[in-house]
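Start at 1 and go down the list; that is how both ligands and their atoms are numbered.
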Amino acid sequence: MPELANIHAAFYNRFGKHPRLVVQAPGRVNLIGEHTDYNEGFVLPVALDRATFVAARARTDRIVQTYSVDLEAEDRFALDWIERSSDQPWSNYIRGVAKSFMARDLPLLGADLLIMSDLPMGAGLASSAALAVAVAYALQSLNNVNLLGEELALLAQGAEQSFVGVQCGIMDQFVAALGHANHALLLDCRDLSYHPIPIPPDVRIVVCDSGVRHQLVDSDYNERRSACQAALRLLRGPLPQIAALRDVSMAQLEQHAPLLPRTILQRARHVISELERTQAAAAALEHADLAGFGALMNASHASLRDDYAVSVPELDALVAHAQSLDGCYGSRLTGGGFGGSTVSLVRLGAVERFTEELIARYHTQFQRTAHVLVCVPAEGVGRIAIY
Ligand code: GLA
């Protein structure tokens with residue numbers, strides 16, 4: 001985590017005033033339940049102990065000035081004229097959040113915002129959701145608004161959907177808002193009820209960033225979402241009562257498989273099997289059955305690779321190496337896919353060796369450096385300083 005004093009000093013240097021508060025919102029790693037959130041299914045993410053920090057101060061006018069320390073980029077917009085920025089795309093998360101405040105008729109003054117992060121960007125660890133949730137929390141604190149964690153998450157999700165153009169689900173924003181230290185959250189994305197499940201103390205969640213960044217992530221993501229909608233439409237013929245793929249069982253899918261084009265069938269099969277795996281994995285974790293949990297992670301990866309087609313050779317290789325290493329219960333790609341990171345569950349005493357081997361083997365195979373984070377699940381968004 002960057003030193004609080006450095007965040008404060010960076011704000012002062014930039015804006016010539018002291019910040020009023022500093023907020024942090026964590027990234028996330030999803031243990032299982034991938035591409036299920038927008039099918040009204042279950043997910044099992046944890047909030048990472050890496051976060052986006054926002055130092056903030058209200059202004060008396062209706063201007064928002066933002067500065068990203070990591071990107072060395074600034075942006076400025078008027079609250080009464082918020083448009084999408086094409087030259088500062090990172091700022092659209094902030095613009096979108098401000099616009100969502102206005103759309104909900106929430107009080108909103110202008111603000112100076114300084115952003116700093118120790119979350120790698122584009123690594124599949126939901127850095128954009130962390131940014132949107134942190135900004136939403138900072139703006140609500142400055143304007144004495146008191147949104148529930150769930151409302152904050154929905155507001156940040158709406159900002160990303162309408163302002164950035166990714167038809168993302170609710171998982172990332174929800175766990176950034178409501179993550180629990182040392183727990184994973186079993187979240188039901190249909191009604192947003194959730195249940196924290198403890199992570200046993202003798203394992204570590206090891207995230208490995210492949211360094212691969214795919215160009216067309218947003219359009220590929222939206223395309224997968226459309227495929228699920230197409231499957232839903234076709235299955236509604238024989239099953240008119242279904243509201244989402246969540247409502248379809250594997251037996252029903254098999255029975256009606258001839259109605260679906262091959263690719264659409266594969267996409268639906270991933271979602272429906274992943275829903276079953278996620279519930280089984282949550283039960284395994286409740287019983288601290290790490291071997292059972294790990295086997296479901298491995299099956300999830302195979303399904304994402306073969307049926308949902310969101311993996312890439314580098315992720316497949318990282319997962320295969322991880323699965324063969326001592327002390328690893330299971331490994332899979334995490335997040336949207338097309339690059340980004342893998343997540344592995346590793347016995348505490350084996351983590352060091354595991355990490356070294358994984359980095360070495362990956363380097364030998366691809367001449368690329370993998371970046372590893374060993375994580376302990378953290379709390380969701382919160383204020384870390386007030387001045
Ligand atoms: C991205 C989205 C999430 C979720 C995952 C895939 O991270 O933002 O809503 O759909 O992909 O599980």
Side-chain angles (χ1 to χ4, degrees), residues 25-48 50 52 92-93 96 119-133 150 153-179 184-190 192 194 207 209-210 213-214 216-229 244-246 267-268 270-275 277-278 281 296-297 300-301 303-305 307-312 315 332-343:
R28 67 95 189 91
V29 58
N30 189 20
L31 298 182
I32 195 162
E34 217 65 85
H35 291 279
T36 47
D37 59 353
Y38 52 81
N39 291 296
E40 299 188 17
F42 294 93
V43 291
L44 191 64
V46 305
L48 287 175
R50 307 290 158 118
T52 293
N92 285 323
Y93 296 95
L119 253 176
M121 270 180 264
L125 303 177
S127 57
S128 50
L131 171 61
V133 169
E150 178 184 322
L154 287 167
L155 187 148
Q157 179 199 24
E160 182 154 351
Q161 288 187 338
S162 58
F163 240 72
V164 183
V166 182
Q167 292 309 307
C168 61
I170 189 64
M171 166 171 70
D172 304 349
Q173 295 80 2
F174 196 93
V175 70
L178 285 156
L185 290 192
L186 177 66
L187 170 65
D188 181 341
C189 299
R190 169 160 277 170
L192 299 188
Y194 68 99
V207 173
D209 177 4
S210 65
R213 304 286 183 263
H214 192 285
L216 298 170
V217 178
D218 296 356
S219 54
D220 282 325
Y221 183 91
N222 289 345
E223 191 272 328
R224 292 301 182 283
R225 197 167 172 153
S226 307
C228 294
Q229 276 154 1
L245 287 184
R246 148 80 172 272
R267 306 296 185 252
H270 163 71
V271 171
I272 294 166
S273 62
E274 185 79 350
L275 280 161
R277 279 188 292 273
T278 306
L296 291 160
M297 290 174 81
S300 167
H301 184 79
S303 175
L304 287 160
R305 180 191 61 209
D307 274 348
Y308 220 60
V310 292
S311 192
V312 294
L315 292 175
R332 54 184 288 281
L333 75 81
T334 188
F338 306 110
S341 301
T342 63
V343 58

If you define the side chain from C-beta out and look only at heavy atoms, does anything of Leu185 sit under 4.5 Å from Phe174? yes
Check each heavy atom of Arg28 against ligand 1 and say whether those closer than 4.0 Å belong to the side chain, the backbone, both or neither. side chain
Parallel, tilted or perpendicular: rings of His35 and Tyr221 (30°, 60°): tilted
How far is atom 2 (C) of ligand 1 from its nearest protein heavy atom, and which residue and atom is that? Tyr221 OH, 3.4 Å
Short N/O distance, under 3.5 Å, between Thr36 and ligand 1? no
So do Glu274 and Glu34 actually touch side chain to side chain, heavy atoms under 4.5 Å? yes
Show which atoms of ligand 1 fall inside a sub-4.0 Å distance from at least one heavy-atom site of Met171. 4 (C), 5 (C), 12 (O)
How about Ser300 and Arg332: does a side-chain donor come under 3.5 Å of a side-chain acceptor? yes
Residues Pro45 and Met171: closest non-hydrogen pair is CG-CG, 4.0 Å
Can you tell if the side chain of Val46 reaches within under 4.5 Å of the side chain of Val175, non-hydrogen atoms only? no
Is Tyr38 close to ligand 1, meaning an N/O of one under 3.5 Å from an N/O of the other? no
If you measure every N or O of Gly169 against every N or O of ligand 1, does any of those distances drop under 3.5 Å? yes
Nearest non-hydrogen protein atom to atom 8 (O) of ligand 1, with distance, is Asp172 OD2, 2.7 Å
What protein heavy atom lies closest to atom 3 (C) of ligand 1? Include the residue and the distance to one decimal. Asp37 OD2, 3.3 Å
